Amino acid sequence: MTAPPRPTTPAMLRIFEELNAHLAAATQRAFPAAAAGQPLDPQLAAASKPEFGDFQANGALALAKPLKQAPRAIATAIVNQLNADTSFTALCLPPEIAGPGFINLTLRPERLAHELRQRLGDPRLGVPSVAASAPVVVDFSSPNIAKEMHVGHLRSTIIGDSLARVLEFRGHPVLRLNHVGDWGTQFGMLITHLKQEAPEALSTADAVDLGDLVAFYRQAKARFDADEAFQATSREEVVKLQGGDPVSLKAWGLLCDQSRREFQKLYDRLDIRLNERGESFYNPYLEAVVADLEASGLLVTDDGARCVFLEGVLGKDGTPLPVIVQKRDGGFNYATTDLAAIRYRFAEPPEGDGARRVIYVTDAGQAAHFAGVFQVAARAGWIPKEARLEHVPFGLVQGVDGKKLKTRAGDTVRLRDLLDEAVERAEADLRRRLQEEERSEDEAFITHAATTVGLAAVKYADLSQNRSTNYQFSFDRMLALTGNTAPYLLYAVVRIAGIARKGGDMATAGTELHFSEPQEWGLVRELLKLDGVIAEVEEELLPNRLCTYLFELSQVFNRFYDQVPVLKAAEPARSSRLALCSLTADTLKLGMGLLGIPTLERM
RNA sequence: GGGGCUGUAGCUCAGCCGGAUAGAGCGACGGUUUCCUAAACCGUAGGUCGUGGGUUCGAGUCCCGCCAGCCCCGCCA
């Protein structure tokens with residue numbers, strides 16, 4: 001939709017900005033003429049390999065052509081300017097020119113230690129909070145009333161929650177909206193069918209249980225597809241409902257309550273907070289949507305339906321595709337609701353949310369739908385100039401066979417069953433391990449650890465993959481104790497907790513830091529990357545970047561743990577290393593918290 | 001027919017406004033435990049980045065064609 005400027009996303013944001021300014025100034029001093037036209041971009045980036053230092057600047061290569069000079073000569077001139085700048089030399093070791101003309105920058109160790117010390121005892125671990133922000137809407141999960149949550153809701157729920165957590169941590173007021181399917185044709189079908197088959201369900205709470213309701217829904221859908229008379233009755237029922245008919249409304253309310261309670265069980269289990277604001281919420285605004293579109297001259301009546309024809313999107317016959325906002329029978333559809341939602345979310349309170357960023361976490365199959373709806377909203381003038389409206393698409397959940405995930409019987413996998421199995425498998429693993437290691441733990445410990453590991457595995461496996469591709473679901477892989485998995489990360493935290501139990505003082509706020517080993521410096525550098533990673537996730541809405549970071553941090557920590565003694569070290573190394581352990585644990589806990597994953601002390 | 005997404009090592013995947021010899025995990029093979037949980041660590045092997053062009057000093061990354069898989073395409077959401 002709107003295209004904001006891409007932010008730079010390196011390690012250590014503040015230092016990055018500082019270096020960038022130094023480089024730009026040095027380049028300008030070295031080549032004043034080159035700055036006359038375009039602003040100079042030093043093309044500063046995180047070093048692509050550790051041996052290149054902390055940062056690399058690639059700008060000299062790009063200047064070679066306009067300046068008609070060899071890139072290494074340009075780099076040399078820039079470096080000479082940098083070396084003459086004492087505020088730069090206080091920050092960095094002398095830059096090195098490498099390859100065709102890269103400028104490699106290595107931060108002074110004392111500066112790294114200084115940055116690290118500032119993060120010790122800082123609850124935000126160096127991640128800045130935004131000063132003030134308009135609300136951000138994250139629209140995710142969105143199951144349908146009268147259906148059970150299934151594997152199809154997994155990704156939206158987990159990814160949406162994580163994005164919301166990251167945005168909240170950055171200080172944005174986040175509206176976590178559950179746009180449940182509680183309106184529309186499906187309800188017409190269901191209510192019509194229930195009137196005939198189980199009328200008590202429409203007047204008495206919980207007269208049928210949810211499983212039966214799901215079965216009724218399936219039957220209703222089948223009748224709707226096959227029986228024209230039923231279709232017509234269902235459509236009339238929708239119109240009645242949308243018109244506020246009390247009998248229909250009561251039935252509708254009962255169905256919603258029942259489903260809502262079931263959804264909440266799963267949200268509680270996954271520790272996900274959501275505000276329900278279903279499609280029905282926008283019912284009072286649907287007329288205004290159509291009126292607005294009419295007033296702005298976008299509306300066309302075609303074959304009885306009121307549509308907006310899209311620009312640049314052609315159908316089979318080469319004519320523009322419509323977005324239908326009012327059906328021939330007078331009813332509204334999901335496009336109308338989505339438009340009303342966009343309009344409401346960007347509108348100022350009290351008749352709106354006043355949001356300036358609206359994020360939809362839905363499967364990639366809806367990309368075309370959202371593109372169309374977004375275009376209409378833009379042309380209708382409902383999107384403020386500085387606002388962002390983003391569809392965050394994700395791929396399908398597939399089985400290991402590469403096909404859409406199903407049960408052995410061929411049914412959709414219920415979310416509840418999927419979580420149960422993950423926890424059961426985690427528990428079986430844990431019990432086997434306890435037996436092998438001749439450890440003894442009480443049942444409460446086993447239940448807690450297995451639940452945490454099982455749910456963490458499901459969440460992490462999903463989040464750690466770039467969401468845009470299809471996702472191959474495998475219990476074996478996600479619960480593996482090695483590799484880029486939740487158990488591996490959880491274990492790193494457990495190791496640090498072990499050090500604390502064995503006498504390591506983790507209250508390290510005032511510690512003098514003295515590092516000598518490469519494993520220590522490796523960990524220091526990794527720890528300082530957190531702020532950049534968070535900024536990147538906030539901008540690109542890709543939780544897998546955070547996962548990659550946490551995995552790499554765990555790897556670097558495990559190497560450190562394996563190769564460098566902590567408790568047995570002499571001072572001042574011991575305290576410095578304890579500080580690293582403490583900050584690593586804090587960083588992992590914070591990062592996993594942003595993924596919606598709690599950590600353990602022992603496992 | 002039109003549109004979108006995807007195609008990188010045997011498998012699952014990273015690859016951040018184009019930048020140095022394309023990375024990781026799993027699996028395979030080999031090694032490490034008197035020491036803070038070995039659920040770990042160290043090493044080896046393994047890739048024409050689907051394919052053919054183009055742009056560029058430089059392309060897995062940008063543009064065009066083609067191939068393959070998946071998804072979407074007016075009154076369902």
Side-chain angles (χ1 to χ4, degrees), chain A residues 5-10 41 43 45-46 48-49 52 56 58 61-62 64-65 71 98-102 104 142 144 181 183-186 189 221 224-225 279 302-307 313-318 321-329 331 333-335 337-338 362-369 371 393 395-396 398 400 402 404 429 433 437 439 464-466 468-470 472 474 477 480-485 487-488 490-492 494-504 532-533 536 539-540 542 544-545 548 551-552 555 558-559 561-563 565-568 581 602-603:
Chain A
R6 292 183 63 86
T8 48
T9 54
D41 182 3
Q43 296 192 21
S48 57
K49 290 188 177 184
F52 299 151
Q56 61 184 66
N58 307 333
L61 289 99
K65 201 165 193 182
F102 300 106
N104 289 340
S142 308
N144 289 320
W183 212 236
T185 309
Q186 50 182 1
M189 296 189 244
K221 171 79 173 134
F224 187 84
D225 291 341
E279 295 170 337
D302 188 74
D303 197 14
R306 315 198 75 191
C307 323
V313 185
L314 302 181
K316 289 177 192 172
D317 53 2
L321 273 179
V323 168
I324 293 175
V325 296
Q326 189 160 23
K327 299 186 285 184
R328 196 169 21 196
D329 63 11
N333 61 11
Y334 62 99
T337 307
D338 281 337
T362 80
D363 70 276
Q366 298 189 49
H369 162 67
L396 295 172
Q398 301 175 319
V400 281
K404 197 171 172 183
D429 270 2
R433 181 171 309 281
E437 295 170 6
R439 280 169 62 192
S464 61
Q465 190 135 150
N466 187 317
S468 62
T469 50
N470 288 345
Q472 210 173 88
S474 161
R477 279 202 288 267
L481 308 169
T482 57
N484 188 7
T485 64
Y488 180 87
L490 288 170
Y491 179 60
V494 164
R495 281 185 138 180
I496 300 169
I499 291 176
R501 275 197 303 277
K502 289 279 167 71
V533 173
E536 193 175 322
E539 179 59 30
E540 316 243 350
L542 289 172
N544 67 304
R545 296 273 165 81
T548 299
F551 174 55
E552 285 170 357
Q555 281 186 307
N558 275 328
R559 189 171 306 138
Y561 179 93
D562 192 66
Q563 298 168 5
V566 176
L567 292 176
K568 293 194 167 69
C581 290
R602 293 191 302 122
M603 63 191 279

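Convention: sequence-line order gives letters A, B, ...; per-chain numbering from 1. Quantities reported herein were computed from a predicted structural model and do not represent experimental measurements.
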For this session: Could you give the distance separating B:U55 and B:U61 at their C1' atoms, to the nearest angstrom?
Result: 14 Å
Would you mind telling me which of [options] lies closest to the side-chain atoms of [X]?
X: A:R545; options: B:C16, B:C13, B:A20; answer: B:C16
X: A:Q43; options: B:G19, B:U6, B:A39; answer: B:G19
X: A:E279; options: B:U6, B:A77, B:A39; answer: B:A77

For this session: Please determine if a side-chain N or O atom of A:N466 lies less than 4.0 Å away from the OP1 or OP2 oxygen of B:G15.
Result: yes
For this session: Give a yes/no answer on whether the side chain of A:N544 brings an N or O atom under 4.0 Å of OP1 or OP2 in B:G15.
Result: yes
Exercise. With centres under 5.5 Å and planes under 30°, do A:F551 and B:A24 count as stacked?
Worked result: no
Exercise. So, are A:K221 and A:D225 salt-bridged, with charged N and O less than 4.0 Å apart?
Worked result: yes
Exercise. Across the strands shown, which category fits A:G498 at heavy-atom distances under 4.0 angstrom: base, sugar-phosphate, nothing?
Worked result: sugar-phosphate
Output a table of nitrogen or oxygen pairs between the protein and nucleotides 70-75 of chain B separated by less than 3.5 Å.
from	atom 1	to	atom 2	distance (Å)
B:C75	O2	A:R328	N	2.9
B:C75	N4	A:D303	O	3.0
B:C75	N4	A:D303	OD2	3.0

Report, one pair per line, the protein and nucleotides 41-43 of chain B atoms (nitrogen or oxygen only) whose separation is under 3.5 Å.
from	atom 1	to	atom 2	distance (Å)
B:C41	OP1	A:Y488	OH	2.7
B:C41	O2'	A:D562	OD2	2.7
B:C41	O2'	A:Q563	NE2	3.3
B:C42	OP1	A:R559	NE	2.4

For this session: Measure from CD on A:Q465 to P on B:C26 and round the result to the nearest Å.
Result: 16 Å
Exercise. Taking CG from A:D225 and C1' from B:A77, how many angstroms apart are they, rounded to a whole number?
Worked result: 14 Å
Problem set entry | Donor-acceptor pair between A:D363 and A:Q366 side chains, under 3.5 angstrom | yes
Problem set entry | Runs of at least three Watson-Crick or G-U pairs with RNA chain B, cut-off 3.5 Å | B:1-7 with B:67-73, B:10-13 with B:23-26, B:28-32 with B:40-44, B:50-54 with B:62-66
